[in-house]
Amino acid sequence: MTKIRWSAAAVAALTLVLGFGTPPASAAGAHEGEQLYPVLTYRTGPYAPSGIPFLGGLQDYVRYVNEVQGGVNGVKIYTPECETAYSIERGIECYERFKHGYEGAPTAIFQPHSSGLDAALLDKAREDHVPVFGPGGGQAHAFEGRVFPYSFPLVLDYWSEASIVVKYIAERAGGLDKLKGVKIATLYHDSGYGRDTIEPLKILSEKYGFVDIQIPVPHPGEQQQTQWQQIKQANADWVFLRGWGVMNPVAIKTAARVGFPVDHIIGDIWSGSEDDTRPAGGVAKGYLAVSVFPPGTNYKILQEIKKYVIDTGKSDLKDTSKFGSVYYNFGVIEGILAVEAFRTGQAKFGHRPLNTEEGRWALEHLDLAPDRIEQIGATGLVSPIKVTWLDHVGGSSAKIQQWTGTEWKPLTDWIDGDRALFHDVLEQKALDYAKEKGIAPRTNEDALIN
Amino acid sequence: MQYFLTILLSGLLAGVMYAMVAIGFVLIYKASGVFNFAQGSMVLFAALTFVTLTEHGVPFWAAFLATVAVMIAGAVIIERLVLRPLADRSPLTLFMATLGLSFVIEGLAQLLMGTDVHQLDLGIDDLPLDIAGLQLSQFDLFASAVAIGLVVVLSVVFDRTRIGIALRAVADDVLAAQSIGIRLPVIWRIVWSVSGVVALIAGLLWGARQGVQFSLTMIVLKAMPVLIIGGFSSIAGAIVGGLLVGATESLADIYIGPLVNGAVSNWFAYILAVGFLLIRPSGLFGDRTIERV
């Protein structure tokens with residue numbers, strides 16, 4: 001190549017860098033007047049099978065709110081995506097990108113979409129004053145709003161989930177007093193998420209007298225023959241399966257291999273989707289799971305989304321057969337919680353985009369009562385919650401569902417978790433955390449924005 | 001004792017599954033001295049191709065043969081676009097190329113065939129069989145039979161055929177092999193094709209157990225200690241290494257796990273591998289490098 005050609009190439013490269021390396025001038029404030037709701041995605045990587053329908057539900061609901069309802073009181077919601085492939089490092093980069101707003105739209109709340117990222121942001125988000133909320137994935141002691149003003153493990157924490165599972169087993173046994181001597185094995189993903197139920201189950205076993213057996217499965221859980229032999233050797237009556245991803249179908253198949261009855265396995269909320277049961281084939285029929293994200297399309301809001309988003313070809317889903325699946329509905333529920341938080345905040349601060357302090361206030365006053373859920377068209381889909389500055393979970397109930405071989409069917413109505421039983425322990429953990437980190441617990445006055 | 005034997009046996013059978021993946025690595029390492037980091041991605045790609053075809057109504061054997069054809073085509077493309085331009089580079093450069101290749105294959109698999117989790121039914125029950133008081137899975141026994149069959153076929157190919165002898169010649173001394181007329185690109189195409197077929201078989205067995213999904217790529221992590229223990233250049237070593245890893249990690253989970261309040265099998269195999277590196281760096285069956293100074 002001649003010198004002239006090299007120079008031309010260099011100029012072209014420089015033009016490209018200058019042209020595309022910086023955002024267009026209009027982008028800086030392109031979304032002024034809109035509410036930023038950053039969406040961390042995992043459309044690639046090992047957890048994409050759950051990420052894609054989940055994000056489909058979330059984006060479809062927001063599209064419905066924006067296009068059919070005209071936004072939240074006229075304020076459109078802007079949902080730029082940031083792909084994490086479920087990696088904590090990438091998630092933190094996404095957090096840094098969006099924490100102070102983006103393209104003119106302010107951030108009010110932030111959803112990590114990962115238990116690991118939620119834990120990683122616990123201190124950082126507090127320092128940055130960014131409210132982080134993770135339905136079904138947060139840390140139990142973060143319920144304590146005095147110590148964790150910016151963490152919101154809404155809807156269900158894993159401690160309450162453990163008590164719901166024990167309640168259900170008691171119901172099947174004929175009452176809580178019949179639990180004495182019953183052997184409940186918890187097969188858990190050997191991670192922070194998986195280990196989170198060891199302590200509450202110990203408390204529950206001491207109270208009700210059941211035998212608590214804890215068996216870890218190393219990540220990712222593609223081989224579990226040893227663990228299920230342990231369960232068989234221990235003569236367990238029930239198994240509480242706390243898996244994630246590939247661990248779930250392998251658990252169900254391995255249970256069949258050692259002859260453990262599948263209808264005595266109760267999966268946790270991340271072990272109860274179609275992708276957890278279908279790969280296991282026929283042996284999954286009868287498997288049970290905790291559900292805070294009930295599947296199905298027979299909810300008014302789902303029908304509305306179908307009419308205005310799915311049937312008009314505007315869905316985020318490429319494969320619309322995922323509409324109404326567990327993870328799709330999870331996305332819709334997350335969207336409902338976020339939109340209702342914006343609505344709550346706007347009722348106090350005016351019909352405009354909220355900032356992070358206002359977002360925190362909004363989450364601390366989120367009240368999804370049955371009549372409001374009915375108005376949204378989500379009765380049976382969303383459990384009622386009432387968040388306060390002292391209680392950042394707002395309620396803890398779930399259903400038990402069963403896999404029929406082709407779909408999930410709810411077996412129960414909402415079962416309330418025994419939060420009172422754990423309250424003192426969790427409160428103490430939060431206060432210990434505050435002491436360790438030098439955090440002065442908030443008072444009632446601190447919780448208000450004047 | 002019965003319990004111990006059950007755990008031991010189930011570990012050994014799990015080890016056979018690890019060995020299936022390790023064999024794919026060995027084939028490529030033997031012929032080119034390259035550690036193929038993309039082997040896990042090839043397992044995913046092959047299994048995903050097969051299951052996508054069967055879901056579209058293609059009969060089992062037709063889907064199998066079509067997938068074999070796809071893997072051979074992939075081997076030819078890899079040889080032409082990746083290996084040939086890097087032919088004179090160091091093994092580390094080639095290793096890095098396979099690292100990049102793994103991302104390309106994973107991306108292509110998801111782009112072309114989606115990210116869904118697929119059920120794969122090979123028609124073999126995965127239910128317990130009682131043999132002499134020990135509960136064994138029919139599927140595990142089938143997988144073991146497949147592994148033995150595969151080892152026999154590969155041994156015959158390597159020891160008794162012209163191609164096999166040519167492969168061994170390349171493995172022994174690339175320059176000497178080329179000087180007697182063995183064409184390196186042809187050898188590479190063959191060995192990557194065979195490795196692709198092994199990836200398909202491993203993908204079908206693992207996919208039948210856990211569903212065909214992205215996490216199939218992660219089974220390479222299980223193959224690493226198997227290779228270190230068995231030796232990178234020995235198919236028999238892959239089998240023995242697989243059995244050792246499977247058995248020891250199962251027993252470690254039962255007897256050591258409770259002492260540390262956690263699962264140990266994911267790292268115990270690596271501890272074992274480090275031990276072998278200290279005592280026998282070339283593994284049980286690997287070629288010892290002797291250099292004259």
Side-chain angles (χ1 to χ4, degrees), chain A residues 42-53 85 188-191 194-195 198 214-230 232-233 245-254 256-260 273-284 318-319 321-322, chain B residues 2-3 6-7 9-11 13-15 17-18 106-107 110-111 114-121 125-130 135-140 206-219 221-222 246 249-254 257-258 260-268:
Chain A
Y42 44 103
R43 294 181 188 275
T44 60
Y47 303 115
S50 53
I52 288 172
Y188 64 91
H189 187 266
D190 197 15
S191 60
R195 288 189 285 267
I198 293 175
Q214 297 286 337
I215 300 175
V217 173
H219 175 77
E222 81 295 327
Q223 192 65 255
Q224 296 172 36
Q225 185 72 10
T226 310
Q227 286 80 4
W228 282 93
Q229 289 291 357
Q230 279 180 280
K232 197 139 188 285
Q233 178 76 1
V246 69
M247 180 179 155
N248 296 321
V250 173
I252 297 167
K253 289 202 89 165
T254 316
R257 285 166 69 198
V258 301
F260 191 88
S273 77
E274 294 83 355
D275 284 339
D276 299 316
T277 46
R278 280 210 183 106
V283 295
K318 278 185 187 163
D319 173 11
S321 69
K322 304 281 180 193
Chain B
Q2 193 88 344
Y3 180 55
T6 304
I7 295 294
L9 214 54
S10 63
L13 293 171
M17 297 281 278
Y18 301 156
E106 284 166 17
Q110 292 197 325
L111 191 71
T115 56
D116 279 350
V117 180
H118 302 265
Q119 184 196 349
L120 176 58
D121 186 0
D125 284 339
D126 203 358
L127 297 171
L129 272 180
D130 201 309
Q135 285 209 326
L136 298 173
S137 152
Q138 292 177 49
F139 187 89
D140 280 341
W206 278 95
R209 170 146 296 164
Q210 66 176 48
V212 175
Q213 53 181 305
F214 189 90
S215 58
L216 278 175
T217 59
M218 294 161 83
I219 57 178
L221 298 175
K222 288 289 184 187
E249 71 174 20
S250 288
L251 293 172
D253 257 344
I254 295 288
V260 295
N261 288 324
V264 298
S265 55
N266 52 344
W267 53 262
F268 192 80

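We name chains A, B, ... by the order of the sequence lines, and we start the count at 1 in each one.
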Against chain B, label [X] side chain, backbone, both or neither, depending on which of its atoms sit under 4.5 Å from a heavy atom there.
{"X": "A/Lys318", "answer": "neither"}
{"X": "A/Val217", "answer": "backbone"}
{"X": "A/Gln223", "answer": "side chain"}
{"X": "A/Arg257", "answer": "both"}
{"X": "A/Gln227", "answer": "side chain"}
{"X": "A/Thr44", "answer": "both"}
{"X": "A/Asp190", "answer": "side chain"}

Which of [options] touches chain A most, by non-hydrogen pairs under 4.5 Å:
{"options": "B/His118, B/Arg209, B/Met17", "answer": "B/Arg209"}
{"options": "B/Thr115, B/Leu13, B/Leu221, B/Thr217", "answer": "B/Thr115"}
{"options": "B/Gly11, B/Ala14, B/Gly114", "answer": "B/Ala14"}

Would you give the length of the straight line joining atom [atom1] of [X] to atom [atom2] of [Y], rounded to the nearest 0.5 angstrom?
{"X": "A/Lys232", "Y": "B/Thr6", "atom1": "NZ", "atom2": "OG1", "value": "8.5 Å"}
{"X": "B/Ile254", "Y": "A/Gln233", "atom1": "CD1", "atom2": "CD", "value": "8.5 Å"}
{"X": "A/Glu222", "Y": "B/Leu216", "atom1": "CD", "atom2": "CG", "value": "10.0 Å"}
{"X": "B/Asp253", "Y": "A/Gln225", "atom1": "CG", "atom2": "CD", "value": "12.5 Å"}

So, for A/Pro249 and B/Gln210, which heavy atoms are closest and what is the spacing to 0.1 Å?
CG-O, 3.8 Å
Taking all non-hydrogen atoms of both residues, which atom of B/Gly211 and which atom of A/Pro279 are closest, and how far apart?
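B/Gly211 and A/Pro279 have their closest heavy atoms at CA-CB, 3.7 Å.
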Between A/Glu274, A/Arg195, A/Lys253, the one whose heavy-atom pairs under 4.5 Å with chain B are most numerous:
A/Lys253
Heavy-atom pairs under 4.5 Å with chain B are the metric here; pick the option from A/Val250, A/Val246, A/Ile215 that has the most.
A/Val246
Can you say whether [X] sits under 4.5 Å from chain A via the side chain, the backbone, both, or neither, judging by heavy atoms?
{"X": "B/Phe139", "value": "neither"}
{"X": "B/Trp267", "value": "neither"}
{"X": "B/Asp125", "value": "neither"}
{"X": "B/Gln213", "value": "side chain"}

Would you please test B/Gln110 and A/Arg43 for side chain to side chain contact (heavy atoms under 4.5 Å, CB included) and show each step?
CA-CA 10 Å; B/Gln110 292 197 325; A/Arg43 294 181 188 275; over 6 Å; no
Is there a side-chain contact between A/Asp319 and B/Asp116 in this structure, where contact means two heavy atoms from C-beta onward sitting under 4.5 Å apart?
yes
